[in-house]
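First the structure, in the form of structure tokens, and then the observations on it.
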There are 2 protein chains.
Amino acid sequence: MSSGNPKTRKKILHASWQLLEAAQGREVRMSDIARNAGVSRQAVYLHFPTRSDLLIATTHHIDEVKNVDARLAKSRSAATGMERLSAFIEAWGNYIPEIYGVAKALIAMSETDDAAKLTWDDRMQAVRHGCRAAVETLEKEGQLASQHSVTQGTDILSALLSVQTWEYLTINCGWSQQFYIEKTKVLARQILVSGNPGS
Amino acid sequence: MSSGNPKTRKKILHASWQLLEAAQGREVRMSDIARNAGVSRQAVYLHFPTRSDLLIATTHHIDEVKNVDARLAKSRSAATGMERLSAFIEAWGNYIPEIYGVAKALIAMSETDDAAKLTWDDRMQAVRHGCRAAVETLEKEGQLASQHSVTQGTDILSALLSVQTWEYLTINCGWSQQFYIEKTKVLARQILVSGNPGS
DNA sequence: GGAGTTACTTTACACAATGTCAAGTGGAAA
DNA sequence: TTTCCACTTGACATTGTGTAAAGTAACTCC
């Protein structure tokens with residue numbers, strides 16, 4: 001963060017982002033990123049001491065550009081728990097494909113790198129907060145299905161909204177993005193809302 | 001398969017299995033496996049030309065020892081769709097922790113190795129078959145929730161029973177194995193069974 | 001305008017892990 | 001006794017990450 005020209009830093013982050021999205025997180029080397037950014041491999045290491053640092057910075061960079069926080073926060077203004085649930089599923093669910101490549105790389109890195117794991121866990125924590133807010137609202141309205149506590153409902157909803165589940169349903173099962181969003185809303189209602197009004 | 005003493009092969013497979021389970025799939029090198037098996041690193045390469053081959057063989061070896069097929073098939077003898085659902089969730093859900101370490105390694109390998117990907121996809125296909133059989137039975141009984149088709153129900157159930165979802169709920173959320181099984185049964189009923197009798 | 005600073009390039013190398021190669025060994029079978 | 005088999009030993013190629021050090025071009029400050 002301290003050393004180097006911010007313009008070069010941005011060039012590197014942009015190249016990293018672009019390549020990771022294009023390759024869906026796979027087989028993107030430091031040298032590929034350097035070449036694509038039009039700088040030497042060592043310039044990358046001047047800005048980001050390790051691959052993990054670069055992946056983490058790329059994640060934060062995308063968050064900033066795409067303004068995730070604001071997008072997720074929007075769901076908080078919904079009036080009812082049901083609306084809040086839908087709004088959050090839309091906000092996060094539609095964000096996943098935009099970060100999928102980088103997320104994949106970061107998840108893979110998490111297996112061996114603690115800093116990467118912290119960054120990803122932090123991200124998941126933010127999603128959990130959104131989930132919990134929706135589930136808590138349902139509970140206050142007396143609408144939460146009796147089968148689950150607030151915490152359990154949060155666990156289940158965030159599992160449903162995990163990148164891994166998104167990946168399985170869209171990429172492996174062939175669901176379209178729109179279908180994934182609609183279906184996830186239906187599932188969340190079936191699971192979390194008492195009386196279960198369905199689709 | 002052709003060359004080498006079958007006893008040595010088994011020693012290697014056993015060491016591989018043991019180490020992968022202990023390390024939960026992370027940071028297990030060919031040399032670690034060789035040392036643990038009491039053979040030279042090159043002996044491992046004589047039996048398994050690549051790391052991917054060894055992981056694949058280890059997966060098959062565990063399946064054989066643990067007799068997965070028989071365990072999964074057992075659910076097919078259940079009378080009703082609901083019972084079939086429960087039996088399959090128990091059979092597969094309780095198998096996951098037994099293969100988790102090797103599964104993790106194989107999934108990681110799948111990112112870069114086509115043969116590993118084929119092996120893992122094949123495994124997932126077997127799970128899907130079990131899921132589909134249960135969902136189809138529900139449908140024939142007129143019990144399948146109207147929100148989902150057989151294929152969609154299969155997609156959802158297999159997502160719920162994925163290793164990744166198991167990992168998230170047990171390891172990240174702290175659910176016990178037993179709780180995971182019971183909760184997954186409740187979820188499957190909420191999602192798939194019309195009228196939704198609950199827990 | 002010369003000295004120093006900054007940001008980057010170039011080149012070289014250390015290191016870890018996979019995978020290859022070839023010569024050697026020890027025991028069992030012909 | 002010779003031959004073969006299964007394995008060992010040790011050397012090496014390759015790929016990717018990360019480090020180190022010298023060089024360069026532009027810009028800044030007296």
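The figures that follow rest on heavy atoms only: side chains count, while hydrogens, waters and symmetry mates do not. No experiment lies behind these values; they were computed from the predicted model shown. The sequence lines fix the lettering, A, B, ..., with proteins before strands; numbering per chain opens at 1.
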[N] [atom2] sits how many Å from [X] [atom1], rounded?
| X | N | atom1 | atom2 | result |
| --- | --- | --- | --- | --- |
| A/Met30 | D/dG16 | CE | C1' | 11 Å |
| A/Phe48 | C/dA7 | CZ | P | 14 Å |
| A/Lys7 | D/dA26 | NZ | P | 16 Å |
| B/Glu27 | C/dA16 | CD | P | 13 Å |
| A/Leu46 | D/dA21 | CG | C1' | 12 Å |
| A/Arg41 | C/dC13 | CZ | C1' | 11 Å |
| A/Met109 | D/dG16 | CE | P | 14 Å |

Charged N to carboxylate O under 4.0 angstrom, A/Arg128 versus A/Asp155? yes
With the threshold set at 4.0 Å, does a side-chain nitrogen-carboxylate oxygen contact exist between B/Glu136 and B/Arg84? no
Contact under 4.0 Å: B/His47 side-chain N or O vs D/dA6 OP1/OP2: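 B/His47 to D/dA6 OP1/OP2: no side-chain N or O under 4.0 Å.
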Let me know, please, whether A/Gln42 or B/Asn5 comes out on the 5' side of the other along DNA chain D by nearest nucleotide. B/Asn5
Quick check on the hydrophobic clustering: are A/Tyr180 and A/Ile171 connected, directly or via other members, by side-chain heavy-atom contacts under 4.5 Å?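 Hydrophobic grouping puts A/Tyr180 with A/Ile171.
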